[in-house]
Amino acid sequence: MNVNSKAQSESFIPTRWPTRMTELLGIRWPLLLGGMMWLSDARLVAAMVQAGGMGFITARSYPTDDAFRQALRDCRELTNGEPFGVNLTLSRRASNNEVMHQRLEIALTEGVRIFETAGLPPTPLLPAILAAKAIVVHKCAHVRHAVAAQNTGVHALTLVGSEEGGHPGANQLPTFLNGAYVLERLRIPLALGGGIGHGRQIAAALALGADAVLMGSVFTPALETPAHDDYKQRVVATDEHGTRAVLGSLGDTWRVLDNENARKVAQLEIEGARSYPEFGELISGDRTKALAYELGEHEEGMLSMGPAVGFARAVEPLAEIVQRLQRECVAASGRFQRQWEEASRT
């Protein structure tokens with residue numbers, strides 16, 4: 001291949017990159033924006049849908065049913081009727097899950113037919129989802145949990161590695177090792193997530209055999225993300241070493257931005273704190289939302305973040321981030337294809 005044809009192949013971005021996941025969800029690119037609590041609102045999710053991927057509004061982050069219902073209607077308007085998803089996360093505390101059943105019914109009534117489930121197995125939610133002929137993509141962190149979820153009848157899976165921002169579970173395996181193991185045991189579409197923020201990694205995941213990737217941290221400073229600009233600038237300034245995992249001693253590992261608040265939590269853990277009340281307001285979700293996301297006080301709160309944040313380049317429209325990822329993926333795929341072609345001729 002000459003230099004001109006190589007440049008043309010790496011600058012061309014196909015309008016579609018078909019995989020089993022894109023076919024299942026009706027999207028153009030194998031790119032999922034995972035539920036990011038308060039940040040995954042109607043505007044951000046709609047931006048991902050318009051860019052060719054799939055996003056999930058986080059049902060648990062809305063204070064009332066009416067607020068959640070309005071977010072769904074706003075998203076439907078912003079996407080011009082294109083499908084979008086809803087994240088339903090089941091807590092280990094059963095008393096916290098009744099709201100998920102209510103939000104599921106609202107979502108179904110509003111016409112949502114794509115769901116990302118997470119936390120506990122989605123078994124309690126499946127009868128209503130499957131009866132509505134909706135699609136379930138279940139997110140988990142262990143190979144054995146993925147296989148078990150497949151057997152419950154979910155349509156696709158997301159498997160996250162220890163690099164995931166937020167709650168990656170107790171599994172210590174990295175994303176691509178997790179993927180290599182689970183792909184030997186699955187028959188349904190798979191997305192890989194955790195520590196992915198560059199198009200080269202998307203190409204690598206597809207070459208491994210995955211059908212999509214799940215990303216979050218690299219989109220945190222997107223123009224459409226509902227967070228204060230001071231926080232977004234802090235995110236852009238953070239490199240690959242700027243996160244830390246805490247609360248592992250409680251069996252609830254949380255990978256977050258390595259800010260002053262997270263360091264206080266880590267110190268309490270070192271000193272022997274082993275229950276949620278001992279950490280007090282330091283781990284309060286409402287405090288995180290009010291201080292960091294709304295006021296821009298980025299050294300406060302537990303700000304879910306993975307090391308892929310180092311790939312965040314600027315506060316820019318989500319579509320521009322997606323386009324950069326696409327160019328990087330195409331370029332990496334082209335290099336691999338040329339290597340394969342050269343090897344096949346020898």
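Values below: every heavy atom of this structure, side chains too, minus hydrogens, waters and symmetry copies.
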Seminar exercise, completed: Exactly one of V137, I135, L104 clears side chain to side chain contact (heavy atoms under 4.5 Å, CB included) with F115, and that residue is L104

Exercise. Mind checking whether I196 and F336 sit in one hydrophobic cluster, side chains of I, L, V, M, F, W, Y counted as touching below 4.5 Å?
Worked result: no

Exercise. Of the non-hydrogen atoms in E294 and A290, which two are nearest, and what is the gap between them?
Worked result: CB-O, 3.4 Å

Problem set entry | Close side-chain approach of I57 to F68, heavy-atom, < 4.5 Å | yes

For this session: Please assess R244 against R263 for the test side-chain contact (heavy atoms from CB on, under 4.5 Å), listing each intermediate value before the final yes or no.
Result: CA-CA 9 Å; R244 68 161 61 219; R263 290 190 285 275; 3.7 Å; yes

For this session: Check whether V246 and L303 end up in the same hydrophobic cluster, where Ile, Leu, Val, Met, Phe, Trp and Tyr are linked by side-chain heavy atoms less than 4.5 Å apart.
Result: no

Exercise. Closest approach of T152 and A149, non-hydrogen atoms and distance?
Worked result: OG1-O, 2.6 Å

For this session: Supply the atom-to-atom distance M37 CE to T89 OG1, rounded to the nearest 0.5 angstrom.
Result: 8.0 Å

Exercise. Is there a side-chain contact between T175 and Q201, using heavy atoms and a 4.5 Å cut-off?
Worked result: no

Exercise. Checking D211 side chain against L190 main chain: does a donor-acceptor pair fall under 3.5 Å?
Worked result: yes

For this session: Step by step, work out the side-chain contact (heavy atoms from CB on, under 4.5 Å) result for L325 and F311.
Result: CA-CA 10 Å; L325 291 168; F311 292 118; over 6 Å; no

For this session: Would you check if I27 and L32 make a side-chain contact, meaning some heavy-atom pair closer than 4.5 Å?
Result: yes

Exercise. Are M100 and I129 co-members of a hydrophobic cluster defined by side-chain heavy atoms under 4.5 Å apart?
Worked result: yes

For this session: Check for a donor-acceptor pair, side chain of S91 on one end and backbone N or O of R93 on the other, with a separation under 3.5 Å.
Result: yes

Problem set entry | D230-H298 side chain donor-acceptor pair, cut-off 3.5 Å | no

Exercise. Have R60 and N97 got a donor and an acceptor in their side chains that come within less than 3.5 Å?
Worked result: yes

For this session: Might you work through the side-chain hydrogen bond (donor to acceptor under 3.5 Å, both in side chains) test for D74 and Q70, ending with a clear yes or no?
Result: CA-CA 6 Å; D74 291 344; Q70 187 60 53; 2.8 Å; yes

Seminar exercise, completed: When every non-hydrogen atom of A273 is compared with those of S249, the smallest separation belongs to O-OG, 4.1 Å

Exercise. Within a strict 4.5 Å, meaning less than it, do heavy atoms of the P168 and T253 side chains meet?
Worked result: yes

Problem set entry | Closest non-hydrogen atom pair, L108 against A128 | CD1-O, 3.8 Å

Problem set entry | Check: F219 and L33 side chains under 4.5 Å, non-hydrogen atoms | yes

For this session: Starting at CE of M48, measure out to OG1 of T79 and round the result to the nearest 0.5 Å.
Result: 14.0 Å

Exercise. Any sub-3.5 Å donor-acceptor pair from E299's side-chain atoms to E260's backbone N or O?
Worked result: yes

Exercise. How many angstroms lie between OG1 in T288 and CE in M302, if you round to the nearest 0.5 Å?
Worked result: 7.5 Å

For this session: Please check if the side chain of H155 supplies one atom and the backbone of V136 the other of a donor-acceptor pair under 3.5 Å.
Result: yes

Exercise. Under the 3.5 angstrom rule, does the side chain of N87 hit a backbone N or O of G34 as a donor-acceptor pair?
Worked result: no

Exercise. Do I13 and W29 come within less than 4.5 Å of each other through their side chains, counting heavy atoms only?
Worked result: yes

Exercise. In Å, rounded to the nearest 0.5 Å, how long is the span from CG of L183 to OH of Y181?
Worked result: 13.0 Å

Exercise. Taking NZ, NE, NH1 and NH2 as the nitrogens, is one of them in K232 or D229 under 4.0 Å from a carboxylate oxygen of the other?
Worked result: no

Exercise. Are the side chain of N178 and the backbone of V160 linked by a donor-acceptor contact shorter than 3.5 Å?
Worked result: yes

Seminar exercise, completed: Output for pair (E82 CD, M54 CE), nearest 0.5 Å, gives 9.0 Å

Exercise. Step by step, would you call S304 with W254 a side-chain hydrogen bond (donor to acceptor under 3.5 Å, both in side chains)?
Worked result: CA-CA 7 Å; S304 295; W254 197 348; 2.9 Å; yes

For this session: Determine the minimum heavy-atom distance between A308 and G197, stating which atoms define it.
Result: CB-N, 3.7 Å

Problem set entry | Reported SG-to-NE2 distance for the pair C329 and H198, which is rounded to 0.5 angstrom | 10.5 Å

For this session: Kindly say whether L247 contributes a backbone atom to a donor-acceptor pair with the side chain of D252 at under 3.5 angstrom?
Result: no

For this session: Evaluate whether atom OH of Y276 has more than 12 neighbouring non-hydrogen atoms of other residues, nucleotides or ligands under 6.0 angstrom away.
Result: yes

Exercise. Do R255 and E164 meet the salt-bridge criterion of a basic N to acidic O distance under 4.0 Å?
Worked result: no

For this session: Assess whether side-chain contact (heavy atoms from CB on, under 4.5 Å) is satisfied between V154 and L126, documenting all intermediate values.
Result: CA-CA 8 Å; V154 301; L126 285 179; 4.2 Å; yes

Exercise. More than 12 heavy atoms of other residues, nucleotides or ligands under 6.0 Å from CZ of R76: is that the case?
Worked result: yes

Exercise. Are side-chain heavy atoms of M215 and I202 found at a separation under 4.5 Å?
Worked result: yes

For this session: State whether the side chain of T109 and the backbone N or O of E105 hold a donor-acceptor pair below 3.5 Å, judged by distance alone.
Result: yes

Exercise. Can you check side-chain contact (heavy atoms from CB on, under 4.5 Å) on L125 and H101, steps first, answer last?
Worked result: CA-CA 7 Å; L125 303 173; H101 292 273; 3.8 Å; yes

Exercise. Excluding sequence neighbours, so at least two apart, what forms salt bridge (Lys or Arg N to Asp or Glu O under 4.0 Å) with R16?
Worked result: E23

Exercise. Heavy atoms, side chains only, cut-off 4.5 Å: are L257 and R234 in contact?
Worked result: yes

Exercise. Are V213 and M36 joined in one hydrophobic group, where the rule is that I, L, V, M, F, W and Y side chains link up if heavy atoms are under 4.5 Å apart?
Worked result: yes

Exercise. Checking S217 side chain against V309 main chain: does a donor-acceptor pair fall under 3.5 Å?
Worked result: no

Exercise. So if you build clusters from Ile, Leu, Val, Met, Phe, Trp, Tyr with side-chain heavy-atom gaps below 4.5 Å, do M305 and V236 land together?
Worked result: no

Exercise. With a cut-off of 6.0 Å (strictly less than), are more than 12 heavy atoms of other residues, nucleotides or ligands near CD of E77?
Worked result: no

Exercise. Within the side chain of E269, is there an N or O that forms a donor-acceptor pair under 3.5 Å with the backbone of G248?
Worked result: yes

Exercise. What's the shortest heavy-atom distance between A146 and L186, and which atoms?
Worked result: O-CD2, 4.3 Å

